[in-house]
K.L.:
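Mind having a look at this structure? Questions to follow.
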Amino acid sequence: MSFVEVRRLGVTYGEFPILERVSMDVAEGAMVTIVGASGCGKSTFLRILLGQERPTAGAVLIEGAPIAAEPDPDRGIVFQKCSVFPHLTVMENLTLPFEIETGGPFARLFGARRRAAREKAGAMMQRLGLTHAAGRWPAQLSGGMQQRLALGQALLRRPKILLLDEPFGALDPGTRREMQELLTELWRETGMTVFMVTHDIKEAFELGTRVLVFDKIRHDPQHPHAYGATITYDIPLKTPVPVEAPAPAAPHLTLVTDTNVKDVSHERPTRPPVPEGRRP
Ligand SMILES: Nc1ncnc2c1ncn2[C@@H]1O[C@H](COP(=O)(O)OP(=O)(O)OP(=O)(O)O)[C@@H](O)[C@H]1O
């Protein structure tokens with residue numbers, strides 16, 4: 001049994017299929033990076049993993065059980081922007097997860113529980129280098145600091161799965177590099193399973209233990225929205241933590257099609273053929 005199993009997942013909005021027949025098995029501790037053209041359904045896939053949306057077809061299992069019908073502390077998420085609450089200070093953003101745990105978004109912590117929450121938030125601030133900014137509002141932070149705060153907030157409840165939707169897309173190259181290093185450190189420390197959407201191919205290959213490419217296998221030029229995207233390439237790169245093993249010398253490419261899985265490590269990747277009966 002894999003940690004995350006996705007079985008012939010499909011998502012349709014109205015009459016438009018966005019994702020179709022997406023299947024994968026993901027080991028615990030993997031860092032799965034996801035690339036694909038804009039609009040092919042990468043964020044939709046993350047929302048399904050979060051439990052924010054239900055799939056139209058297929059299933060997602062986590063540790064063998066169907067995914068919870070709504071977000072829970074086992075899954076944290078960080079978006080490109082606006083992941084933290086603008087009306088709360090850094091400290092308040094980091095104690096909020098514990099307040100929600102106690103009794104929903106309007107709950108307040110008092111006494112020993114408040115002290116414990118502030119201690120954990122303080123330790124996280126130190127880990128993220130934000131201690132000096134405890135009393136600042138998010139609008140008073142740089143983009144990199146805001147994303148560090150968002151990562152910290154997502155990690156405080158120790159999620160088993162961290163979902164990242166282009167988390168470093170709005171950062172300058174230097175800050176982006178720092179954030180990539182921080183993410184790698186936190187991932188190694190926690191052993192959590194990460195799904196990260198990125199438009200930066202280099203980032204996908206540098207950070208991921210496995211790269212997934214989302215694209216449409218079937219395409220009808222007369223009806224460009226007739227088919228959804230699926231996984232067209234599934235490229236394992238390194239063994240995920242905690243198992244320590246040397247990375248393979250060269251990436252082993254697997255071209256995933258609807259009906260078969262074909263080893264193409266010795267071939268140049270080419271566009272999959274249009275199935276019979278679908279030719280314009
Ligand atoms: N709630 C919704 N209702 C209807 N259509 C939606 C909804 N959410 C997303 N879509 C559509 O689904 C498609 C996929 O969107 P999604 O944001 O998942 O793509 P993406 O691959 O993450 O794109 P990008 O890389 O640009 O962020 C888009 O055409 C979008 O307009």
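All figures in this text were calculated on a predicted structure; none of them were measured in a lab. We count ligands from 1, going down the list as the structure has it; atoms in each ligand are counted the same way.
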K.L.:
Between Asp25 and Arg7 (salt bridge meaning N to carboxylate O under 4.0 Å), is one present in this structure?
P.N.:
yes
K.L.:
For Arg158, does the CZ atom have more than 12 heavy-atom neighbours from other residues, nucleotides or ligands under 6.0 Å away?
P.N.:
no
K.L.:
In Å, rounded to the nearest 0.5 Å, how long is the span from CD1 of Ile161 to CD1 of Ile67?
P.N.:
6.5 Å
K.L.:
Check ring-ring contact (aromatic ring centres under 6.0 Å, His included) between Phe16 and all other residues, then give those that pass, not counting sequence neighbours.
P.N.:
His225
K.L.:
Can you list every ring pair (Phe, Tyr, Trp, His ring centres under 6.0 Å) pair that touches residues 24-65, not counting sequence neighbours?
P.N.:
Phe45-Phe214
K.L.:
Would you please name every residue forming a ring-ring contact (aromatic ring centres under 6.0 Å, His included) with Phe3, sequence neighbours left out?
P.N.:
none
K.L.:
Name the residues with a heavy atom less than 4.0 Å from ligand 1?
P.N.:
Tyr13, Ile18, Ala37, Ser38, Gly39, Cys40, Gly41, Lys42, Ser43, Thr44, Arg47, Glu166, His199
